[in-house]
Amino acid sequence: MTESEQLLDAFDARAERRNHRRDFFKTAFGAAAAGVTAFSLTSKAGAQSTITDTDILNFALNLEYLEAQFYAYAANGTGLPANQLTGTGTQGAVTGGQQAAFGDDKIVQAYAREIAADEAAHVAFLRTALGSAAVAQPAINISGDANGPFTAAALAAGVITSGTFNPYSSPNAFLLGAYIFEDVGVTAYKGASPLISSKTFLQAAAGILAVEAYHAAIVRTTLYGRGYDPTNPQSGLIDAAGKISALRDSVDGSTKLDEGIAQTTVNGQLVSNIVPLDTSGIAFSRTPGQVLNIVYLNKAAATLGGFFPNGVNGTLRASTAN
């Protein structure tokens, strides 16, 4: 059996295990979605707004659509099936997306396939939990062309100074494209956790957060290993990842909520920064508005842009004015 056949067999088995788990979740969450409770938030202006568990899970579902489509195209050259895109709100199409040019890099290709399967499972899981309340996939732009959001992000971050950034063009470009999303997903679930009233939904969100953290660690570790240079700690991919982190920090407000993978020296020894933490050793949190600042590529209050050209579906649609 060839290496490719072994990989396919492994992922087929993985998919089968997910199908069994999905059947369980259909039973566990069938009635829960209809009984969500509400949580009252106070805005900066002092106005009251009611955010339900359904609102939070639908916000997460929008992000999962984005990640799942990016990885599905990069790994397999095709997007999510049509029956996983319907729901409330305006259903949109995917702009761009293509199979990544992994070449002989079987390791990064295997990472892409694994994460693609995980993100597709997250979409299916959240849709099952939400039932008829699930939002449809909004319009998503994952184009790698000169006018796409990846190029806009790379130019704004200073990863490139001109031209095009295509995350599908090479294994390293794919990793940097994935890096734009992965840390955002972790901070989004961390920030949303205090807003969820249902213990059942909170446990589910915690489980997805853990998977997103594993994904982020894969991407950060691989970028660090490929960029490691003891004579130049800020070289290559490490520098590029740091610039992307700085961009995220610049659009989501004045508080530091991000860290790159930069090498530093501690007690004369070179160390990595694979895990981004605050001073208490705890992962960062972002509000839904701050998350939208990043995916809209806009530090102002906005309801669309960047990777979501028409905005997201659901109640939580506006980024924060920073």
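Treat the numbers as computed from the prediction; the structure is a model and nothing was measured.
- When the side-chain hydrogen bond (donor to acceptor under 3.5 Å, both in side chains) test is applied to Asn310, no partner is found at least two apart in sequence or on another chain.
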Evaluate the side chain to side chain contact (heavy atoms under 4.5 Å, CB included) criterion for residues Leu63 and Phe59: first the C-alpha distance (whole Å), next the side-chain angles of each, then the deciding distance (0.1 Å), finally the verdict. CA-CA 7 Å; Leu63 301 179; Phe59 178 74; 3.9 Å; yes
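- Remark: Glu67 engages no residue in a side-chain hydrogen bond (donor to acceptor under 3.5 Å, both in side chains) (not counting sequence neighbours).
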Assess whether side chain to side chain contact (heavy atoms under 4.5 Å, CB included) is satisfied between Asn141 and Phe308, documenting all intermediate values. CA-CA 6 Å; Asn141 188 342; Phe308 292 102; over 6 Å; no
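- In this structure, Phe284 shares a hydrophobic cluster with Leu257, the cluster being traced through Ile, Leu, Val, Met, Phe, Trp and Tyr side chains under 4.5 angstrom apart.
- Residues that satisfy the side-chain hydrogen bond (donor to acceptor under 3.5 Å, both in side chains) test with Thr221, not counting sequence neighbours, are absent from this structure.
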Enumerate, atom names and distances included, each donor-acceptor pair closer than 3.5 Å involving a side-chain atom of residues 82-94, sequence neighbours excluded.
from  : atom 1 : to     : atom 2 : distance (Å)
Thr86 : OG1    : Arg127 : NH2    : 3.2
Thr88 : OG1    : Ala134 : O      : 3.4

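- Legend: salt bridge (Lys or Arg N to Asp or Glu O under 4.0 Å) pairs involving residues 295-312, not counting sequence neighbours: none detected.
- Annotation for Leu304: hydrophobic cluster partners, listed by chain and number, are none (ILVMFWY side-chain heavy atoms under 4.5 Å, direct or chained).
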List, one per line, each side-chain donor-acceptor pair under 3.5 Å for residues 181-193, sequence neighbours excluded.
from   : atom 1 : to     : atom 2 : distance (Å)
Glu182 : OE2    : Tyr71  : OH     : 2.5
Asp183 : OD2    : Arg220 : NH1    : 2.5
Asp183 : OD2    : Arg248 : NH2    : 2.9
Thr187 : OG1    : Asp183 : O      : 3.3
Thr187 : OG1    : Val184 : O      : 3.0
Thr187 : OG1    : Arg286 : NH1    : 2.9
Tyr189 : OH     : Glu64  : OE2    : 2.6
Lys190 : NZ     : Ala283 : O      : 3.4
Lys190 : NZ     : Ser285 : OG     : 2.9
Ser193 : OG     : Lys190 : O      : 2.8

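- Checked against side-chain hydrogen bond (donor to acceptor under 3.5 Å, both in side chains), Ser143 has the following partners two or more places apart in sequence or in another chain: Asp145.
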Distance-only criterion, 3.5 Å: show the donor-acceptor pairs between side-chain atoms of residues 158-167 and protein atoms not counting sequence neighbours.
from   : atom 1 : to     : atom 2 : distance (Å)
Asn166 : OD1    : Tyr168 : N      : 2.9

Could you pull out all donor-acceptor pairs under 3.5 Å where a side-chain atom in residues 268-276 meets a protein atom, sequence neighbours excluded?
from   : atom 1 : to     : atom 2 : distance (Å)
Asn273 : ND2    : Glu259 : OE1    : 3.2
Asn273 : ND2    : Gly260 : O      : 2.7

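- Between the side chain of Asn58 and the backbone N or O of Ala133, at least one donor-acceptor pair lies under 3.5 Å.
- Gln290 places a side-chain N or O within donor-acceptor distance of the main-chain N or O of Asp252, the cut-off being under 3.5 Å.
- Other members of the cluster containing Tyr214 do not exist, because no ILVMFWY side chain is joined to it at under 4.5 Å.
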